[in-house]
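So that we are looking at the same thing, I have put the structure below in structure tokens.
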Amino acid sequence: MYASTFRFYKVRMGVKEKMKKGQIISGKVIRLDYPNKGVVETEEGTCVVKNTLPGQQITLMINKVKKGKPEGRLLSIDKRADSEMDSPCPHFGLCGGCTLMSLPYDAQLPIKEAQVKKLLDSVLYKQGSDYGWEGIKGSPRQFAYRNKMEFSFGDEEKDGPLSLGMHKRNSFYDVVTVGECQIVDADYRRILTFTKEYFADCSFYHRLKHVGYLRHLLVRKAVKTEDILIALVTTSQEEHDVKSWQEGIMQLPLDGKIKGILHIINDSVADVVKSDKTEILYGQDWFYEEILGMKFKISTFSFFQTNSLGAEVLYETARNFIGEISGENGKKPVIYDLYSGTGTIAQMMAPVAEKVIGVEIVEEAVVAARENAELNSLHNCEFIAGDVLKVLDCIDEKPDFIILDPPRDGVHSKALQKIIGFGMDRLLYISCKPTSLVRDLEEFLKVGYVVERAVAVDMFPGTG
């Protein structure tokens with residue numbers, strides 16, 4: 001009793017006890033910082049605990065203190081947030097995929113908006129002028145919105161039965177079967193369930209021992225055309241009857257149309273979906289998706305926004321932000337689309353441009369981009385395969401406008417300096433990782449650029 005009273009006295013006097021590793025304490029989550037950092041206020045001070053939601057009362061254990069900043073592990077949720085509900089997904093809390101699924105969508109959006117705004121404000125105060133913050137735009141669908149999933153084979157616990165799905169929360173090795181996953185439609189669930197049952201007695205690839213057969217199940221389904229592409233990814237260490245698996249898949253009562261079924265051999269030690277050898281068991285290795293009235297050919301490994309309807313919101317927003325642009329002497333502009341992927345943004349801009357030049361390092365994506373431009377009868381698009389850093393030195397036409405849509409790590413520092421060196425009056429930056437965006441904005445601000453407008457677009461409902 002005396003120890004408790006003494007500790008409380010120290011807190012009231014403003015001399016909070018130093019948190020120590022292994023200490024168990026309670027507190028309230030006051031906000032959620034990007035990407036999944038719950039900031040918890042306790043009598044002992046403030047600490048960070050992942051997989052929490054604003055408003056929750058929790059019990060936690062301090063598992064490390066780094067540079068005076070304590071981080072804890074969630075032990076229990078003692079009181080739910082006022083807006084919290086029972087998750088519509090039965091795998092919520094066990095699966096590591098969706099951390100916001102127990103909140104209604106209109107409660108998820110303000111959290112994400114606040115995260116992005118806080119990050120932008122942390123750097124944009126330096127520009128000395130306000131910027132137009134336009135809030136957040138939601139996804140047209142909150143469920144069954146994904147057009148691609150990579151499911152992993154494994155087990156949920158050591159030496160347990162075969163599982164097929166997503167990694168368990170806070171685990172690199174354990175895999176949870178997600179037969180009722182809510183961010184994909186019923187066809188994904190039917191394909192997953194059949195595949196898991198068919199291969200129930202087969203070995204999976206062990207990520208530590210590097211032995212085993214089954215690795216991943218890749219499923220892609222277009223939202224507009226409902227075309228489906230399925231790929232089983234295995235090692236070459238064993239042989240199994242994949243032809244009978246393919247025939248079984250063909251018998252499933254699916255809503256969409258199967259365009260191709262593939263068997264991909266991957267003997268890499270890295271836990272990624274890649275191909276050393278691909279066999280087409282049925283059909284073809286590509287299908288079509290439609291975005292804003294344009295058709296796009298998507299192959300097994302093509303990059304394409306995983307939320308097709310959300311991508312329409314994103315691209316419409318980009319066109320609105322760009323507005324009217326012109327080149328020299330009132331001519332149509334030359335536009336650079338850097339990190340162009342399969343050329344979606346380039347083709348959205350083609351009607352208002354003299355020429356659009358897309359640069360992308362993934363050669364397969366460049367091939368797809370060229371095919372897509374032909375498919376949409378757009379003859380003023382050029383796509384170049386290569387690293388942006390090197391390719392920029394080899395393009396003859398100088399840009400009137402630049403669109404940046406880099407991967408999650410942002411723009412390479414040397415490439416960024418070359419882009420700044422073009423001296424564009426205006427640029428558009430589309431970012432899929434706000435922390436990378438903030439880092440790159442620092443460089444733009446140093447040379448006098450200011451941010452005029454910014455908006456968040458939610459492409460991943462239910463997730464962080």
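When a residue number appears, it is its place in the shown sequence, counting from 1.
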Task: Pairs meeting criterion salt bridge (charged side-chain N to carboxylate O under 4.0 Å, His left out) with involvement of residues 366-378, two or more places apart - done: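 Those involving residues 366-378 are K297-E371.
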Open item on the list: Among residues at least two apart in sequence or on other chains, which ones pass side-chain contact (heavy atoms from CB on, under 4.5 Å) with S275?
Closed with: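 Partners of S275 under the side-chain contact (heavy atoms from CB on, under 4.5 Å) test: I264, T278, F301.
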- [ ] Measure from the ring center of Y213 to the ring center of H240 and say whether it is less than 6.0 Å.
- [x]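 That pair passes the under 6.0 Å test.
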Task: Residue list, side-chain contact (heavy atoms from CB on, under 4.5 Å) with F172, at least two apart or on another chain - done: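 Partners of F172 by the side-chain contact (heavy atoms from CB on, under 4.5 Å) criterion, ordered by chain and then number, come out as R207, D271.
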Task: Qualifying salt bridge (charged side-chain N to carboxylate O under 4.0 Å, His left out) pairs with a residue from residues 408-425, counting only residues at least two apart or across chains - done: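 For residues 408-425, and leaving out neighbouring residues, the salt bridge (charged side-chain N to carboxylate O under 4.0 Å, His left out) pairs sorted by first residue read D393-K418.
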TODO: Return each pair, listed once, that meets salt bridge (charged side-chain N to carboxylate O under 4.0 Å, His left out) where at least one residue sits in residues 437-454; pairs must be two or more places apart or across chains.
DONE: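 Pairs touching residues 437-454 that pass the test: K126-E442, E134-R453, R426-E452, E443-K446.
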Task: Side-chain donor/acceptor of R220 to backbone N/O of I230, under 3.5 Å - done: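 Not confirmed, R220 side chain does not pair with I230 backbone.
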Task: Qualifying residues under salt bridge (Lys or Arg N to Asp or Glu O under 4.0 Å), relative to E157, sequence neighbours excluded - done: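 Salt bridge (Lys or Arg N to Asp or Glu O under 4.0 Å) check on E157 returns nothing, list empty.
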- [ ] Of all the heavy-atom pairs spanning Y339 and A415, show the shortest one and how long it is.
- [x]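 Distance-wise, the nearest heavy atoms are OH-CB, 4.1 Å.
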TODO: Kindly write out the residues that satisfy side-chain hydrogen bond (donor to acceptor under 3.5 Å, both in side chains) with H210, not counting sequence neighbours, or none if the list is empty.
DONE: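 Applying side-chain hydrogen bond (donor to acceptor under 3.5 Å, both in side chains) to H210 gives Y205.
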- [ ] Determine yes or no for a side-chain-to-main-chain donor-acceptor pair under 3.5 angstrom, with Q246 supplying the side chain and V242 the backbone.
- [x]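 No, the answer is negative, given that no donor and acceptor are paired below the 3.5 Å cut-off.
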- [ ] Verify, without hydrogens or angle tests, whether E354 (side chain) and K332 (backbone) share a donor-acceptor contact under 3.5 angstrom.
- [x]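 Side chain of E354 to backbone of K332, a donor-acceptor pair under 3.5 Å: no, none is there.
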Task: With E239 via side-chain contact (heavy atoms from CB on, under 4.5 Å) - residues at least two apart - done: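 Testing E239 for side-chain contact (heavy atoms from CB on, under 4.5 Å), a comparison that skips the adjacent residues, returns none.
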Open item on the list: Can a donor-acceptor pair be found, under 3.5 Å and without considering hydrogens, that links the side chain of N372 to the backbone of A368?
Closed with: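 Between the backbone of A368 and the side chain of N372 there is a qualifying donor-acceptor contact (under 3.5 Å).
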Open item on the list: Check this for me: D241, atom CG, are more than 12 non-hydrogen atoms of other residues, nucleotides or ligands nearer than 6.0 Å?
Closed with: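 Yes, enclosed.
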Task: Residues which pass side-chain hydrogen bond (donor to acceptor under 3.5 Å, both in side chains) with S122, listed by chain and number, not counting sequence neighbours - done: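 For S122 there are no side-chain hydrogen bond (donor to acceptor under 3.5 Å, both in side chains) partners, ignoring immediate neighbours.
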Using a 3.5 Å cut-off and no angle test, enumerate the donor-acceptor pairs between side-chain atoms of residues 248-261 and protein atoms at least two apart in sequence or in another chain.
residue, atom, partner, partner atom, Å
D255, OD2, R190, NH1, 3.3
K257, NZ, T225, O, 2.7

Open item on the list: Going by the rule side-chain hydrogen bond (donor to acceptor under 3.5 Å, both in side chains), which residues pair with S308 if we only count those two or more places apart in sequence or in a different chain?
Closed with: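 With sequence neighbours excluded, S308 shows a side-chain hydrogen bond (donor to acceptor under 3.5 Å, both in side chains) to N147, E289, given in chain and number order.
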Task: Geometric cation-pi criterion, R169 with F92: 6.0 Å, 45° - done: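 Relative to the ring axis of F92, which defines the angle, R169 lies inside both limits.
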Open item on the list: So, using side-chain contact (heavy atoms from CB on, under 4.5 Å) as the criterion, who are the partners of K355 when residues are at least two apart?
Closed with: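 Scan of K355 (side-chain contact (heavy atoms from CB on, under 4.5 Å), adjacent residues dropped) gives I357, E382, E397.
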Open item on the list: For the backbone of F460 and the side chain of T463, can you confirm whether one donor and one acceptor N or O come within less than 3.5 Å of each other?
Closed with: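 Yes; at least one donor-acceptor contact below 3.5 Å.
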